Amino acid sequence: MEVGFLGLGIMGKAMSMNLLRHGFKVTVWNRTLSKCDELVEHGASVAETPAAVVKKCKYTIAMLSDPSAAFSVVFGKDGILEQICAGKGYVDMSTVDADTSTKINEAITAKGGYFLEAPVSGSKKPAEDGQLVILAAGEKALYEEVIPAFNVMGKKSFYLGQVGNGAKMKLVVNMIMGSMINAFSEGLVLAGRSGLDPSVLLDVLDLGGIANPMFRLKGPTMIQGSHSPAFPLKHQQKDMRLALALGDETATSMPVAAAANEAFKKARSMGLGDLDFSAVYETVKALEQPSQKN
Ligand SMILES: NC(=O)C1=CN([C@@H]2O[C@H](COP(=O)(O)OP(=O)(O)OC[C@H]3O[C@@H](n4cnc5c(N)ncnc54)[C@H](OP(=O)(O)O)[C@@H]3O)[C@@H](O)[C@H]2O)C=CC1
Ligand SMILES: O=CCCC(=O)O
């Protein structure tokens, strides 16, 4: 199977590498073209523009940073719309909001193409290991045609119906995750300031009812103050912002998520946006220690 792949950031690089490893013919494009070199070493072809990828491939997958990037590769000069036509499919796996996906779907289908949104749960390591959870919605026929690629990139694919449902599911998941990492950060700092060993807290948490892979994976590196990016904090803040907008649309009160978003914004203002989202811990640590006198 031949596929195009747009966007070779942390996730796109790992996902396209996986496709190559499993025998797919992959044509890649990235805004910063030099990032294609490593994929070429592993057998990929390169195209100069998103339009050139679509011209060459029946199916094109994208994994881009945010709604603005997703729009840019579709509607911009040399973008997808210049070549998409009947018989070609476009699969956007970026995390965006339902409105962005809907507008892209309308533009692609107006040209006769097929569209599927397919954001993913799981980070750098699951992407490298082909263990993502894929949240697809849109054209069912396209979903069925690209299942071989999803089976290589992920451990489970959900088909969620109409365009927008994949984006919404992904934002709900990341809203929960963003709130959890904030509560976890506060717990680690509270333990330390209460004279407890945060490492022992990790052991206690891991044996109880709120044990989870995220605490297990991030806890030790957070305690060390190491936040090498797997999921950049700026993207987590984007997801909180989009989830809160979904809360506005549906009149859903989310005070916990709103507070978590403020912490991610604070982290960005401290220059931590390109670090892992676990760096939100540093904002809690940075807050002045309360006076013991009162
Ligand atoms: N990292 C993670 O753990 C996960 C991330 N996601 C989501 O996946 C998407 C990608 O994440 P990730 O790989 O971590 O992000 P990165 O920041 O590592 O990569 C972003 C990619 O988007 C490209 N890009 C950014 N702006 C534009 C633009 N205007 N036009 C064209 N290309 C652009 C970048 O190109 P360039 O190289 O030129 O900058 C790069 O290829 C995001 O939506 C994120 O929320 C989902 C699940 C997990
Ligand atoms: O969007 C990023 C999700 C990261 C994860 O699921 O661990």
Side-chain angles (χ1 to χ4, degrees), residues 4-18 28-39 46-51 53 60-80 91-97 100-101 104 117-129 131-136 153-156 166-167 169-181 184 212-219 221 227-243 264 268 273-280:
F5 206 104
L6 312 177
L8 303 175
I10 294 171
M11 295 297 283
K13 177 184 156 187
M15 292 157 76
S16 52
M17 202 68 98
N18 237 333
V28 294
W29 172 86
N30 192 67
R31 179 180 62 173
T32 309
L33 271 178
S34 58
K35 287 195 191 165
C36 297
D37 295 350
E38 196 180 338
L39 276 295
V46 185
E48 292 282 315
T49 64
V53 174
T60 299
I61 297 169
M63 192 55 164
L64 302 158
S65 51
D66 54 19
S68 151
F71 274 136
S72 167
V73 302
V74 173
F75 295 96
K77 184 174 174 310
D78 299 321
I80 305 288
V91 182
D92 192 350
M93 303 187 78
S94 322
T95 304
V96 297
D97 55 314
T100 299
S101 258
I104 290 174
E117 61 176 2
V120 302
S121 202
S123 193
K124 183 179 176 194
K125 182 79 168 58
E128 288 168 351
D129 296 344
Q131 293 291 303
L132 296 169
V133 177
I134 297 171
L135 308 171
M153 294 186 282
K155 63 180 175 186
K156 169 84 183 168
M169 182 67 84
K170 172 64 186 166
L171 293 178
V172 172
V173 170
N174 273 26
M175 182 276 285
I176 296 169
M177 190 178 76
S179 299
M180 279 173 66
I181 197 101
F184 185 46
N212 70 75
M214 181 176 78
F215 291 177
R216 204 171 297 133
L217 179 72
K218 305 280 182 193
T221 49
H227 307 287
S228 172
F231 179 36
L233 186 143
K234 64 186 175 189
H235 295 331
Q236 171 68 82
Q237 197 268 314
K238 171 256 305 178
D239 296 348
M240 292 308 279
R241 170 171 62 79
L242 297 177
F264 288 120
R268 281 183 58 198
D274 289 327
L275 296 182
D276 192 71
F277 75 119
S278 63
V280 75

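Order of listing sets the numbers, starting from 1, for every ligand and every atom in it. Keep in mind that what you see is a predicted model, and the values were worked out from it rather than measured. All values below come from the heavy atoms of this structure, side chains included, with hydrogens, waters and symmetry mates left out. The chain is numbered in sequence order, starting from 1.
The heavy atom nearest to atom 43 (O) of ligand 1, considering only Ser34, Cys36, Ser65, is found in Ser65. Nearest residue to atom 27 (C) of ligand 1 from Pro50, Ala69, Ala62 is Ala69 (criterion: closest heavy atom). Atom 32 (N) of ligand 1 has its nearest heavy-atom neighbour, among Leu64, Thr32, Val96, in Leu64.
Taking 4.0 Å as the cut-off, Gly122 counts as a neighbour of ligand 1 on heavy-atom distance. Residue contact annotation: Ala230 has a non-hydrogen atom under 4.0 Å from ligand 1. Not a single heavy atom of Met93 sits under 4.0 Å from any atom of ligand 1.
Lys35 NZ, 2.6 Å is the protein heavy atom nearest to atom 37 (O) of ligand 1. Protein heavy atom nearest atom 3 (O) of ligand 1, with residue, atom name and distance: Ser123 OG, 2.5 Å. Regarding atom 8 (O) of ligand 1, its nearest protein heavy-atom neighbour is Met63 CE, 3.1 Å. With respect to atom 39 (O) of ligand 1, the closest heavy atom belonging to the protein is Arg31 NH2, 2.9 Å. When only non-hydrogen protein atoms are considered, atom 5 (C) of ligand 1 lies nearest to Met11 CG, 3.5 Å. Protein heavy atom nearest atom 18 (O) of ligand 1, with residue, atom name and distance: Ile10 N, 2.9 Å. In this structure, the protein non-hydrogen atom closest to atom 19 (O) of ligand 1 is Gly9 CA, 3.3 Å.
Ligand 1 places these atoms under 4.0 Å from at least one heavy atom of Asn30: 35 (O), 36 (P), 37 (O), 38 (O), 40 (C), 41 (O). Listed by number with element, the atoms of ligand 1 under 4.0 angstrom from any heavy atom of Gly7 are 41 (O). Taking a cut-off of under 4.0 Å to the non-hydrogen atoms of Leu8, the atoms of ligand 1 that pass are 41 (O). Taking every non-hydrogen atom of Lys238 and a distance limit under 4.0 Å, the qualifying atoms of ligand 1 come out as 42 (C), 43 (O), 44 (C), 45 (O). Listed by number with element, the atoms of ligand 1 under 4.0 angstrom from any heavy atom of His235 are 11 (O), 14 (O), 15 (O), 16 (P), 17 (O), 45 (O). Atoms of ligand 1 lying under 4.0 Å from at least one heavy atom of Val120, given by number and element, are 46 (C), 47 (C). In the vicinity of Pro232, heavy-atom distances shorter than 4.0 Å reach the ligand 1 atoms 1 (N), 14 (O).
Between Thr95 and ligand 1, an N or O atom pair is found at a separation short of 3.5 Å. Distances between N or O atoms of Val73 and those of ligand 1 include no value under 3.5 Å.
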Taking a 3.5 Å cut-off between nitrogen or oxygen atoms, can you list every pair linking ligand 2 to the protein, with distances?
{"from": "ligand 2", "atom 1": "1 (O)", "to": "Lys170", "atom 2": "NZ", "distance (Å)": "2.7"}
{"from": "ligand 2", "atom 1": "1 (O)", "to": "Asn174", "atom 2": "ND2", "distance (Å)": "2.8"}
{"from": "ligand 2", "atom 1": "6 (O)", "to": "Gly122", "atom 2": "N", "distance (Å)": "2.8"}

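Phe5 is linked by a ring pair (Phe, Tyr, Trp, His ring centres under 6.0 Å) to nothing, counting only residues two or more places apart in sequence or in another chain.
With hydrogens and angles left out, the side-chain atoms of Thr100 and Asp97 include a donor and acceptor closer than 3.5 Å.
A donor-acceptor contact shorter than 3.5 Å is absent between the side chain of Asn174 and the backbone of Gln236.
Other residues, nucleotides and ligands place no more than 12 heavy atoms under 6.0 Å from the NZ atom of Lys13.
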